[in-house]
Amino acid sequence: MIILGIETSCDETGIALLEKNGQSPIKILSNVVASSLHLHAKTGGIIPEIAAREQVKLMTPTLIQALKDGLDYEFPSKKPPAIDAIAITYGPGLIGSLLVGVETAKTLSMLWNKPLIPVNHMYGHLYANWICAKGKEQNGEPSTLSAKPYAQITFPAIVLIVSGGHTDLLLMKGHNDITVLGGTRDDAAGEAFDKIGRLLNLPYPAGPTIAKLAEKGDPKAFKLPRPMWDSKDYDFSFSGLKTAVLNLTKTNQGIADVISRRSREIPRRSLVNTRDDKLLADLCASVEQAIVDVLIKKSLQAAKEYKAKSILLGGGVAANKKLRNQLSFEIGNFKLEIGLFVPSAQLCTDNGTMIAAAGFFTNQAISWKDVNANPQLYY
Ligand code: KG4
Ligand code: ZN
């Protein structure tokens, strides 16, 4: 079975073709991701109107490329491509961006007479774990924790979805049995990275930049709060951490100087200066550690309570090496018999493969007439 996956919930236009036959691992036939991120980097955050306009511009070339790469299919053609279904993100996300993908998918479904499977973007991040992505990580390093064949994922599983808009902890007992254990009460983990990056004059999105700077810093240098550390529930809160960093930028002269020097020396949102001060690296390492510590504490707490056999990560922040490595270390250190599954870094951020993958498992095709974008969609 071949599914065409289309993802346009935010600033990425992701279109992919995936194949799954019986119990064999899901195979990527093509995966094309175009992005308007560079335009938002200039403004320090996503401008929905620009994201939607770029989706319109990028949709057709991305679709043409994905079908050519995966099936050697060329437009125009009298025949539809050899696909069995189309999976489309219908929410949550930005309404303008979602509409571009949803309306395109509905048109293709009608013209080609192919079933249309509406997919919740969050389930896409979850099902990225079922894609067998061989090869290397984006940065050229060998992938130590990339997705393993899905046959090894056993239930119950604890799922941590950490993206720019979400920090959710789920209990997955089966493909049709998923419950939300908790979520963020304010900022999501990725949002915390991005907002703190803005305070420090780092380019948007700041998550990868903070992670890079943190490699040279001391994670114990600054004592930062671990919000909701002792709460017995599975909720998160990261706005207090952002406030703590804001206070530091006002009260710590060294930090204030670094920020002011950076804003004078390099344009505010340009790429990171490799000569960045040790102080900034220390602060980034401390911020990253605070976020990672809370995410891991809650995930392991849930894994123990629900006797999980697997922990699955998903979403852009799951690309964070510290999170992946420390969680792997702690599972081993506490001798927990839990398999850790993390998609390869390029499948953690938004893409069409994850939507097609979710399509295989949810497989609830409905008439294209009944598919509508839903920006507020929950689980
Ligand atoms: O899942 P995603 O691509 O888009 C949403 O659905 O939100 O996640 C984007 C988020 C951004 O906040 C970005 O800063 C964060 O993921 N991110 C990271 C890393 N790579 C991306 N955060 C921390 N460390 C990273 N390596
Ligand atoms: Zn996402």
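When reading the values below, keep in mind they use all heavy atoms of this one structure, side chains included, and skip hydrogens, waters and symmetry mates. As the structure lists them, so they are numbered: ligands from 1, and atoms in each ligand from 1.
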>> To check your reading of the model: name the closest protein heavy atom to atom 15 (C) of ligand 1, its residue, and the distance in Å.
In response: V317 CG2, 3.9 Å

> L4 and W112: side-chain contact (heavy atoms from CB on, under 4.5 Å), yes or no, with the steps?
Replying inline: CA-CA 12 Å; L4 173 73; W112 291 341; 4.2 Å; yes

>> Check the orientation of Y379 and Y123. Use parallel for under 30°, tilted for 30 to 60°, and perpendicular for over 60°.
In response: perpendicular

> With the Zn ion (ligand 2) at the center, what angle do OD1 from D350 and NE2 from H121 span, rounded to 10 degrees?
Replying inline: 100°

> Is the distance between the Zn ion (ligand 2) and the nearest N/O/S atom of C10 smaller than 2.8 Å?
Replying inline: no

> Does T349 reach ligand 1 with a nitrogen or oxygen that is under 3.5 Å from one of the ligand's nitrogen or oxygen atoms?
Replying inline: no

> Is the closest N or O pair between N320 and ligand 1 shorter than 3.5 Å?
Replying inline: yes

>> Using a 4.0 Å cutoff against the non-hydrogen atoms of D194, which atoms of ligand 1 qualify?
In response: 11 (C), 12 (O), 13 (C), 14 (O)

> What orientation do F361 and Y127 show, parallel under 30°, tilted 30 to 60°, or perpendicular over 60°?
Replying inline: parallel

>> Less than 4.0 Å is my threshold; does some heavy atom of H121 fall inside it relative to ligand 1?
In response: yes

>> Taking 4.0 angstrom as the limit and counting only heavy atoms of G164, give me the atoms of ligand 1 inside it, by number and element.
In response: 5 (C), 7 (O), 8 (O), 9 (C), 10 (C), 12 (O)

>> Please state which option from A345, G207, G190 has its nearest heavy atom closest to atom 25 (C) of ligand 1.
In response: G207

>> Can you tell whether the side chains of K309 and E337 come within less than 4.0 Å, N to carboxylate O?
In response: no

> Between F75 and Y73, is the ring centre distance below 6.0 Å?
Replying inline: yes

> Is the closest basic N to carboxylate O distance between K297 and D293 below 4.0 Å?
Replying inline: no

> What do you reckon, does G165 put a non-hydrogen atom under 4.0 Å from ligand 1?
Replying inline: yes

> Taking the six-membered ring for Trp, is the centroid-to-centroid distance between Y90 and H121 below 6.0 Å?
Replying inline: no

> Which atoms from ligand 1 have a heavy atom of D350 less than 4.0 Å away?
Replying inline: 1 (O), 2 (P), 3 (O), 4 (O), 5 (C), 6 (O)

>> Tell me whether K278 is salt-bridged to D282, with the criterion being a basic N under 4.0 Å from an acidic carboxylate O.
In response: yes

> Of A192, G316, P92, which has the heavy atom at the shortest distance from atom 21 (C) of ligand 1?
Replying inline: G316

> Does even one non-hydrogen atom of H125 get within less than 4.0 Å of ligand 1?
Replying inline: yes

> Is the charged tip of K195 near the ring of Y204: under 6.0 Å from the six-membered ring centre and within 45° of its axis?
Replying inline: no

